[in-house]
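Report on one structure; see the data block that follows.
The shown structure was predicted, so the numbers you read here are calculated from the model rather than taken from an experiment. Count residues from 1 along the sequence. Keep in mind that the numbers below use all heavy atoms, side chains included, and drop hydrogens, waters and symmetry copies.
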Amino acid sequence: MAGIYLSDEEMKALIGAPALVQRLYVFGIRPSMSFGTGMVGVESSISWHGLAREVRVEAAPGIKEELPSKQQVRRAAQHLVKRGLISECSKGLQLIFKCHLARLNSDAQKKADTKPTHQAEQKPTHLQSTQGTENKGVFEIDAGKADTVADTPNFPNPTHIGVSELTTTTTTTT
């Protein structure tokens with residue numbers, strides 16, 4: 001499922017901006033951005049008319065329909081430029097924007113590999129019990145779950161190792 005993530009810097013830059021400016025950035029420009037380059041309009045072309053349709057407000061009871069003109073969308077884009085969110089990098093008739101505050105793939109935090117494949121850890125399949133032969137095999141570790149809880153015995157059924165069974169005696173009172 002596709003979606004967009006707005007960084008803290010983008011949110012701060014959008015606070016207090018007119019609604020058309022916010023809608024243009026969030027619904028018109030950012031969904032078309034290339035996450036590798038931060039460019040909009042290079043891989044798939046955009047137009048002023050197309051952006052106007054993206055930021056359109058549909059009519060609902062008590063709400064008037066709003067379809068901004070190309071000029072209104074251009075002015076909203078200039079407002080985004082003034083706020084430092086975008087810059088216009090058009091080439092000829094091709095409309096192109098660069099998103100400056102958007103988080104790109106290269107900005108993503110790299111997670112350390114906790115278990116590198118070249119250093120596979122050897123897990124024993126059976127641990128020996130120290131209490132004698134009657135308890136052998138009780139500490140078997142399920143190979144599929146061995147890495148979830150380190151060195152924790154997996155008991156198939158709850159047992160009381162080394163604890164004698166308590167017998168309950170009933171006493172009757174006369």
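The environment of CD in Glu58 is sparse: at most 12 heavy-atom neighbours from other residues, nucleotides or ligands sit within 6.0 Å. The 12-atom threshold is exceeded at CD of Gln94, counting heavy atoms of other residues, nucleotides or ligands nearer than 6.0 Å.
Atoms CG and NZ, from Leu85 and Lys98 in turn, are 13.0 Å apart once rounded to the nearest 0.5 Å. Distance CZ/Arg74 to CD/Gln78: 9.5 Å, rounded to 0.5 Å. One finds the CD1 atom of Ile15 at 9.5 Å from the CZ atom of Arg83 (value rounded to the nearest 0.5 Å). Interatomic distance, Arg53 CZ to Leu67 CG, rounded to the nearest 0.5 Å: 9.5 Å. Ser69 contributes atom OG, which lies 11.5 Å from atom NE2 of His49 (distance to the nearest 0.5 angstrom). Atom CZ of residue Arg30 and atom SG of residue Cys99 lie 6.0 Å apart, to the nearest 0.5 angstrom.
A side-chain donor from one of Ser7 and Glu9 sits under 3.5 Å from a side-chain acceptor of the other. No hydrogens or angles considered: nothing links the side chains of Arg75 and His79 as a donor-acceptor pair under 3.5 Å.
The hydrophobic clustering, which links ILVMFWY residues whose side-chain heavy atoms are closer than 4.5 Å, places Leu104 and Tyr5 apart. Hydrophobic clustering places Leu101 together with Phe27 (ILVMFWY residues linked when any side-chain heavy atoms are closer than 4.5 Å, directly or through intermediates). Hydrophobic clustering places Leu95 together with Leu24 (ILVMFWY residues linked when any side-chain heavy atoms are closer than 4.5 Å, directly or through intermediates).
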Start with the C-alpha distance between Glu65 and Val57, add both sets of side-chain angles, then the distance that settles side-chain contact (heavy atoms from CB on, under 4.5 Å), and finish with yes or no. CA-CA 6 Å; Glu65 180 177 357; Val57 176; over 6 Å; no
Is there a side-chain contact (heavy atoms from CB on, under 4.5 Å) between Ile29 and Leu80 once you walk through the steps? CA-CA 11 Å; Ile29 294 175; Leu80 290 171; 3.8 Å; yes
side-chain contact (heavy atoms from CB on, under 4.5 Å) between Phe35 and Asn105, worked out: CA-CA 6 Å; Phe35 288 102; Asn105 284 344; 3.7 Å; yes
For a side-chain contact (heavy atoms from CB on, under 4.5 Å) check, start with the C-alpha distance between Ile46 and Ile96, then their side-chain angles and the critical distance, and finish with the verdict. CA-CA 8 Å; Ile46 59 172; Ile96 300 172; over 6 Å; no
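Partners of Ser90 according to the side-chain hydrogen bond (donor to acceptor under 3.5 Å, both in side chains) rule, which considers only residues two or more places apart in sequence or in another chain, are Glu88. Remark: Phe97 pairs with Trp48 by the ring pair (Phe, Tyr, Trp, His ring centres under 6.0 Å) rule, at least two apart or across chains. Taking the side-chain hydrogen bond (donor to acceptor under 3.5 Å, both in side chains) definition, one finds that Glu66 meets it with Arg23, sequence neighbours left out.
Looking at Pro68 and Val55, their side chains come closer than 4.5 Å, going by heavy atoms from C-beta outward. Side-chain contact between Val26 and Leu6 is present, with heavy atoms from C-beta onward closer than 4.5 Å.
For the residue pair Gly28 and Glu54, the shortest heavy atom distance occurs at CA-CB, 4.1 Å. Taking each heavy atom of Tyr25 and Ala102 in turn, the nearest pair found is OH-CB, 4.3 Å. Shown here for His100 and Gly84, the closest heavy-atom pair between the two residues is CB-O, 3.7 Å. Closest heavy-atom contact between Glu43 and Ser34: OE2-OG, 3.2 Å.
At a threshold of 4.0 Å, the pair Arg103-Glu10 does not count as salt-bridged, since none of the basic side-chain nitrogens sits closer than that to a carboxylate oxygen.
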